[in-house]
Structure formats: C-alpha cells, structure tokens
Amino acid sequence: MIPLFKVAMSEKASALVGEVLDSGYIGQGAKVDEFERALAERLDNPRILTVNSATSGLHLALHLVATESGRDGEVLATALTCTATNWPILANGMRIRWVDTDPATLNVDLDDLARKITPATRAIVLVHWGGYPVDLDRLNRVLDQAERVHGVRPRVIEDCADAWGATYRGVPLGGHGNISVYSFQAIKHLTTGDGGLIVLPDDELLHRARMLRWYGIDRDGGGARFKNDIPEYGFKFNMNDINAAIGLANLETVDGLVARHRENAAFYDGELAGVGGLELTERASDRNPSFWYYSLKVDNRDAFVRRMKEAGIATSEVHERNDVYGATQDCKAVLPGLDGVAGRHIAIPVGWWVSDDDRTHIAQTIKGGW
C-alpha cells in the first residue's frame, strides 16, 4: 500500500537526542533556544515561540485574543478542518460561528466571511487546507471593510498546521501581520515528534505569549523563578530539548522533502487535468503551496476509494467536517459550499516517499476510472 502519510526523520536525529539525554537537562533549555533561532531565521521573523503542540499554540493564541477583547464574543471559523483547530475556541469559552467553504480551494469562503463579521466578532480562525494559502490580501480588504462598517478589526489566527514551507506572495506564512500557528506533529513535513510554533505580529503579544506558555512565570527574571511575580496566569505549553533536538535535525532536510511534495503535486496537476468525474483544486500564481496532502474532488467517492485500495493506494478525507459533532450542535449553520464538497473531497499520496513509479501508478489508476 502506498501510504498517505509517513514520518520523515533525519539520520542525525538519534545522535542529537542522545546528546540531550546524556546532558542531564531535557526540559526547555539550550536546544529549544537553538531551535527557535533557526526557525526565526528560516521564517525571516524573530517573533516566534515553540510550543508542545499546535493545539497548544492555537489555545494560547485564542487566550491572547480572549483576554484582549473579551470571551463573550464570536470566533468565525471553518468547519472543514481538524478538530484541533476549533476545540481551542470552545476551550476558551468563546462561541463558534461557522463560515462556509470555498469549493475551489477547500479554504474558507471569503465572501461568506465578509458577510458574517459583526461587532461581536473577536477573531477569525482560518486554515490553509493541505498547505494551500488563503488569499491573505483579499482577507485584508475584507477586514478593512469590516473596520469601516463596524469599527472593529478582528484578530486573525492562521492555522498553518499543513503548511510548513508554503508562501503567499513570496513570504512564508506567519509574515503577513496575523497570529500564525504551525504544527510539528509526527507526520508533518517538519516534525519534532510532537510540537508546534506560534508566530506573533508584535512584540507586546510575543512578550505575553512567552510568559503564558510557562505558567505566566518570567523565566528570565533572575533569582528563583517561583518567587517572581506572576501578573497573569499561564499554561504548561513549552517545548522541551528532546523535541527541539529532533526538530533541529529535521530542519536540515525538510526543504528537500517539501520540494518533492511539490514535484509530485505538479505531476498530478498535469496528468489528472480533464479526467472525467474529477475536479482539481485551485492553483494561483501568487501562492506556493506545501502540499502536505493532495486533495481532489471526485464523483462517487466510495467507489473511488475502493478502486484505489484495490490498486494498493491509500486515500482519506483526512478530516471530518466539525459541525457534525455533538460538541458543536449549538453552532449549526447553513453551509452550501461545504455541503457541496464534503462528500467529494479525497486526498491521495503526494509525499516525499512517493516515487516516480508510484505517482505514475496512482495517476494511471485514476485515469482508468472507478
């Protein structure tokens, strides 16, 4: 079976982790600092903090927003994503208001978003589906209009869990003035075993986030840390040196992995264009996706999945729409765009492990029908 996901681990990771284990210090220390410096250089942005998971990063981002603007407001969010995107909204005591899905991209529908911003909107949580960036310039125009009409400009939190290496107008995600959160979970392009990264748009938020990811304690305040004042309670969201060592090793090889994802995606774009019963998603020239997975929209998805399985090809929808769960029944909304694609979208293997022969087999199988 050609897998849909696979762990990418540098040959150097074991040695670097061994150094940490032998050092006698395995918490948040020198390796975390080193990893953060390397990430800041890679993203060309100094306002970054590692965390122990992207879910923690999203929780922290929403906590920053909630304490800044109030927990009694709404968060506009997409239902087509991992539950890790939306559960932190509920965990922060805020209300989800669903925004429809753009069938062309499987990202948030910016027209519907524009209609749903109100004075009660505290934040917008968007997802770069499969690593395909949302049109962030158009989003800014939507926010400009909302500010003129409602006198509010909601914070934007970008869920970049799928999107390491992706760029919008040549700039890595996280560099467009929003709070952005990356995932370094086990099967991501860049893994630390588990972990994440939060990118902040200004120094004030960075300072608060740095304190809050470790109980609200100032780790650099001198003396015994537990005696330092804690003006605002925080969390246990920090990364440790073991995870950072894995990340440092994998950071050396991740560019080549992302490049192979893109090569395979470009092959599918060419081979599958015009195939009956199948639609490709959008490709815009101002975006360079990371293609953590490669999504198609197919007719008769169950038959497609069976045919792929017969041919030894793994497939998955990757995520279930979040508005079907009991936890979100108070958030029901009419979402015609999502309804139109929820039963059709499917991901096929596109990763660095997919050989030239594999991708030819996958394309030929699809072109043969299902």
Side-chain angles (χ1 to χ4, degrees), residues 4 74-86 89 96-117 124-136 138-139 142 158-159 161-163 166 265 268-269 271-284 287 289 291-309 313-350 362 366-367 369-370:
L4 192 64
E74 295 177 339
V75 178
L76 300 183
T78 176
L80 186 59
T81 183
C82 178
T83 52
T85 304
N86 290 315
I89 301 172
I96 295 173
R97 188 177 185 196
W98 296 125
V99 181
D100 207 358
T101 298
D102 179 355
T105 63
L106 304 182
N107 284 331
V108 64
D109 182 331
L110 293 175
D111 290 334
D112 193 45
L113 177 69
R115 289 189 290 268
K116 288 179 175 173
I117 297 176
I124 296 164
V125 178
L126 59 85
V127 176
H128 303 289
W129 177 265
Y132 186 80
V134 170
D135 187 340
L136 296 173
R138 188 175 171 209
L139 173 64
V142 168
E158 300 178 39
D159 184 337
D162 300 347
Y268 292 145
D269 285 351
E271 289 291 314
L272 301 179
V275 172
L278 178 152
E279 289 181 65
L280 302 181
T281 54
E282 177 192 276
R283 301 286 180 267
R287 273 153 273 189
F291 294 106
W292 184 50
Y293 44 85
Y294 186 97
S295 286
L296 304 166
K297 291 169 285 182
V298 298
D299 297 342
N300 197 351
R301 186 171 66 190
D302 289 345
F304 181 90
V305 170
R306 284 195 299 270
R307 178 68 191 98
M308 295 299 103
K309 185 176 181 180
I313 303 163
T315 60
S316 175
E317 302 100 291
V318 184
H319 302 301
E320 175 65 281
R321 54 188 295 173
N322 288 185
D323 59 343
V324 300
Y325 298 118
T328 56
Q329 291 310 291
D330 293 340
C331 315
K332 284 291 188 182
V334 177
L335 304 170
L338 178 54
D339 292 341
V341 297
R344 299 186 65 218
H345 76 90
I346 193 74
I348 60 174
V350 73
I362 292 168
I366 293 172
K367 289 159 76 172
W370 56 94

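Small disclaimer: the values here were computed from a predicted structure and weren't measured.
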Could you tell me which non-hydrogen atom of P289 sits nearest to which non-hydrogen atom of P133, and how far apart they are?
CA-CD, 4.1 Å

Minimum heavy-atom distance between D100 and D112, given as atom pair plus value:
N-OD2, 2.8 Å

Contact between L126 and V99 at the side-chain level, heavy atoms closer than 4.5 Å - yes or no?
no

How far does CG of N86 sit from OH of Y325, to the nearest 0.5 angstrom?
10.5 Å

Side-chain touch R138/L113, heavy atoms, less than 4.5 angstrom
no

Less than 4.5 Å apart, side chain to side chain, heavy atoms only: is that true for V298 and W370?
yes

Within 6.0 angstrom of K309 NZ, more than 12 heavy atoms from elsewhere:
no

Point-to-point distance, once rounded to the nearest 0.5 Å, from CD of E320 to SG of C82
12.0 Å

Nearest 0.5 Å, please: how far is NE2 in H128 from OG1 in T105?
11.0 Å

Rounded to the nearest 0.5 angstrom, the CD-CG distance for E279 and L272 is 13.0 Å

Beyond-backbone contact of I362 with Y268, side-chain heavy atoms, under 4.5 angstrom:
yes

Is D323 salt-bridged to K332, going by a charged N under 4.0 Å from an acidic O?
no

Before you tell me yes or no, could you show the steps for V134 and D102 under side-chain contact (heavy atoms from CB on, under 4.5 Å), namely the whole-Å CA-CA distance, both residues' side-chain angles and the distance that decides it to 0.1 Å?
CA-CA 10 Å; V134 170; D102 179 355; over 6 Å; no

Contact check, side chains of I366 and F304, non-hydrogen atoms, under 4.5 Å:
yes

Is there a side-chain contact (heavy atoms from CB on, under 4.5 Å) between T85 and H319 once you walk through the steps?
CA-CA 11 Å; T85 304; H319 302 301; over 6 Å; no

Taking the side chain as every heavy atom from C-beta outward, state whether T281 and R283 have any atom pair closer than 4.5 Å.
yes

Nearest-0.5 Å distance that lies between atom OG1 in T78 and atom CG in N322:
8.0 Å

Hey, what do you get for OG1 (T101) to CZ (R321), rounding to the nearest 0.5 Å?
7.5 Å

Is any side-chain heavy atom of E317 closer than 4.5 Å to a side-chain heavy atom of I346?
yes

Verify whether one side chain among D162 and Y293 offers a donor that lies under 3.5 Å from an acceptor in the other.
yes

Does any non-hydrogen side-chain atom of L110 lie less than 4.5 Å from one of D135?
yes

Do you know which two heavy atoms are closest between V350 and A265, and how far apart they sit?
CG2-N, 3.6 Å

Provide the closest heavy-atom pair for K297 versus V341 in the form atom of the first, atom of the second, distance.
CD-CG1, 4.0 Å

Minimal heavy-atom distance between P349 and L4, with the atoms involved, is N-CD1, 3.5 Å

Looking at E282 and R287, is there a salt bridge between them, counting it only when a charged N and a carboxylate O are closer than 4.0 Å?
yes

Would K116 and E74 satisfy salt bridge (charged side-chain N to carboxylate O under 4.0 Å, His left out), going step by step from the backbone distance to the final call?
CA-CA 10 Å; K116 288 179 175 173; E74 295 177 339; over 6 Å; no

To check you understand the geometry: which heavy-atom pair defines the closest contact between L106 and W129, and what is its length?
CD1-NE1, 3.3 Å

